[in-house]
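Below is one structure, written out as structure tokens; comments come after it.
Residue numbers start from 1 in every chain, and the chains themselves are labelled A, B, ... in the order their sequence lines are given, proteins ahead of strands. It should be emphasised that the depicted structure is a prediction, and the values quoted were computed from it without experimental measurement.
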2 protein chains.
Amino acid sequence: MTKTPVKHAPKKPDYEKALRKAGIRITRPRKIILGILGETEDHPDALEIFRRAEQVDKSISLSTVYRTMKLLEEMGAIHRHAFEGGPSRFEQAGGDHHDHLIDMDTGDVIEFRSDRIEQLQQEIARQLGYDIVHHRLELYGRRRKD
Amino acid sequence: MTKTPVKHAPKKPDYEKALRKAGIRITRPRKIILGILGETEDHPDALEIFRRAEQVDKSISLSTVYRTMKLLEEMGAIHRHAFEGGPSRFEQAGGDHHDHLIDMDTGDVIEFRSDRIEQLQQEIARQLGYDIVHHRLELYGRRRKD
DNA sequence: AATCTTTTGCAACTGAGTGTCATCTGGCAC
DNA sequence: GTGCCAGATGACACTCAGTTGCAAAAGATT
Ligand SMILES: [Zn+2]
Ligand SMILES: [Zn+2]
Ligand SMILES: [Zn+2]
Ligand SMILES: [Zn+2]
């Protein structure tokens, strides 16, 4: 059984090259946003990414952030999460698959992975006659005070 | 291991009584909405509930549907789901817990339940120092064409 | 540098849901 | 049954996340 907080590997997939290959231009805003996503360890939403991007270039617009997030998602370069009805939150793809436990008091997001659960999901889908394209497992909880 | 499509038991929890006991008035719109939720087998969103309610009473307003859904959710009488960033979809509580597989082509929602997965979730949370308050497991897939 | 797209910033728009408020009504008292 | 009134309703203004239309700007290619 595997079940550990997931450490983000120091992955650095070359998304600029991937974009270029897909015939998509490497513009200044895109470079900045990719930089932010590559560095962060958390799961920021579009507004937070926008705020961080502003530090680098005051002229970036929020719509460009939204557009870029959609583009990167379609390319498979990032994952979009919609925790508990809040705004979408993003993280770079390319690391190992993991699911999330959300601390209901602090909002912290803890990553974990259970190969056993992943496997059971496959079995369930197969028995129901489906192939899983993707899935979402979120645990919402509070620190156990003993 | 339990893992079967969940059949909705012919449950009929008496929510009107529960509402009354909580000092909440049984109004015409609420009766209608409870009736819709008690009869449906699917996971309609607020707009769909509104449309079905209109068939019964043309004067019902969409805001009342939203308000009622929030009220019922707070009472624990219904569950709210937010599949894939879409609008909230609802179902009556009171049946057995289950999770959902969403057919990406048709939008159909198939219910299933795996006690093994439920148990593994508990273990994971415990090891991370958390108590699970609730969780969400959604499989997104396509019918396997063999 | 000139050209041809693609992308950008801005602002106007959409969709889901909430807040405000004058009016209405369910539940109880008589 | 009638009267009362806090709680609920419908209408509509508003918020919030995200999208879209468009003229201007900036990549890529020559
Ligand atoms: Zn997973
Ligand atoms: Zn993550
Ligand atoms: Zn479950
Ligand atoms: Zn269900």
Side-chain angles (χ1 to χ4, degrees), chain A residues 15-36 43-75 77-90 107, chain B residues 15-36 43-75 77-90 107:
Chain A
Y15 288 121
E16 298 204 6
K17 182 173 290 176
L19 286 174
R20 197 162 262 123
K21 193 154 67 179
I24 288 165
R25 290 184 186 168
I26 313 300
T27 63
R28 189 161 159 65
R30 286 175 184 164
K31 251 203 263 282
I32 293 171
I33 291 168
L34 281 172
I36 290 167
H43 299 75
D45 61 19
L47 197 59
E48 177 58 27
I49 291 167
F50 170 63
R51 278 194 275 255
R52 294 183 198 175
E54 272 187 312
Q55 317 278 97
V56 184
D57 177 348
K58 200 70 189 121
S59 79
I60 278 177
S61 84
L62 182 53
S63 4
T64 295
V65 174
Y66 280 118
R67 276 189 291 237
T68 303
M69 299 329 284
K70 196 175 355 169
L71 176 77
L72 295 176
E73 186 188 12
E74 280 159 7
M75 294 187 45
I78 61 171
H79 294 304
R80 174 189 300 262
H81 305 290
F83 300 134
E84 252 341 45
S88 291
R89 298 172 61 170
F90 305 92
Chain B
Y15 288 121
E16 298 205 6
K17 183 173 288 176
L19 286 175
R20 197 163 261 123
K21 193 154 69 180
I24 287 164
R25 289 187 187 164
I26 313 299
T27 62
R28 190 162 158 64
R30 286 175 184 165
K31 252 203 263 281
I32 293 170
I33 291 168
L34 281 172
I36 291 167
H43 299 74
D45 61 19
L47 198 59
E48 176 59 28
I49 292 168
F50 170 64
R51 277 194 276 255
R52 295 183 197 175
E54 272 186 312
Q55 317 278 97
V56 183
D57 177 348
K58 201 70 190 123
S59 78
I60 278 177
S61 84
L62 182 53
S63 358
T64 295
V65 174
Y66 279 117
R67 277 190 292 239
T68 303
M69 300 328 283
K70 199 185 338 182
L71 176 77
L72 295 176
E73 187 189 11
E74 281 160 6
M75 292 187 46
I78 60 171
H79 294 304
R80 174 190 299 263
H81 306 290
F83 300 134
E84 243 357 33
S88 291
R89 299 172 60 171
F90 305 92

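Atoms CD1 and CD1, on B:Ile78 and B:Ile49 in that order, are 7.0 Å from each other to the nearest 0.5 Å. From A:His81, atom NE2 reaches atom CZ of A:Phe90 across 9.5 Å, with rounding to the nearest 0.5 Å. Put simply, CE on A:Met75 and OG1 on A:Thr68 are 11.5 Å apart, with the number rounded to the nearest 0.5 Å. Between A:Thr64 atom OG1 and A:Leu71 atom CG the span is 11.5 Å, to the nearest 0.5 Å. Going from atom CD of B:Gln55 over to atom CZ of B:Phe50 covers 10.5 Å, rounded to the nearest 0.5 Å. One finds the CD atom of A:Glu54 at 9.0 Å from the CG atom of A:Leu62 (value rounded to the nearest 0.5 Å).
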Item to check | Derivation of the side chain to side chain contact (heavy atoms under 4.5 Å, CB included) call for A:Lys17 and A:Arg20 | outcome: CA-CA 5 Å; A:Lys17 182 173 290 176; A:Arg20 197 162 262 123; 5.6 Å; no
Checklist entry - Is there a side chain to side chain contact (heavy atoms under 4.5 Å, CB included) between A:Glu48 and A:Arg89 once you walk through the steps? => result CA-CA 9 Å; A:Glu48 177 58 27; A:Arg89 298 172 61 170; over 6 Å; no
Item to check | Per-nucleotide protein contact string for nucleotides 24-30 of chain C (B base, S sugar-phosphate only, - none; heavy atom under 4.0 Å) | outcome: -BBS---
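As rounded to whole Å, 8 Å separates atom P of C:dG17 from atom CG of B:Asp45. Summarising the geometry, the separation between CE on A:Met75 and C1' on C:dT7 is reported as 15 Å, rounded to the nearest angstrom.
When the side chain to side chain contact (heavy atoms under 4.5 Å, CB included) test is applied to B:Ala82, the partners found at least two apart in sequence or on another chain are B:Arg136. Listed by chain and residue number, B:Asp57 satisfy the salt bridge (charged side-chain N to carboxylate O under 4.0 Å, His left out) test with B:Arg28 (two or more places apart in sequence, or in another chain).
Counting heavy atoms from C-beta outward, B:Arg52 and B:Pro44 have side chains that approach closer than 4.5 Å. By the 4.5 Å heavy-atom criterion applied to side chains, A:Leu72 and A:Leu34 are counted as neighbours.
Direction of the helix axis in the helix from C:dA1-D:dT30 to C:dC30-D:dG1 shifts by 40° between the two five-pair termini, rounded to 10°.
When DNA chain D is scanned in the 5' to 3' direction for atoms under 4.0 Å from non-hydrogen atoms of chain B, the outermost contacting nucleotides are D:dA6 to D:dC12.
Comparing B:Lys70 and A:Arg30 along DNA chain C, the residue whose closest nucleotide (by nearest heavy atom) sits nearer the 5' end is A:Arg30. Both A:Leu71 and B:Gly86 lie close to DNA chain C; mapped to their nearest nucleotides by heavy-atom distance, the more 5′-ward contact belongs to A:Leu71.
Between A:Ala46 and A:Val65, the closest heavy-atom pair is O-CG1, 3.6 Å.
For the segment residues 48-68 of chain A, residues with any heavy atom less than 4.0 angstrom from an atom of DNA chain D are, sorted by number, A:Ser63, A:Tyr66, A:Arg67.
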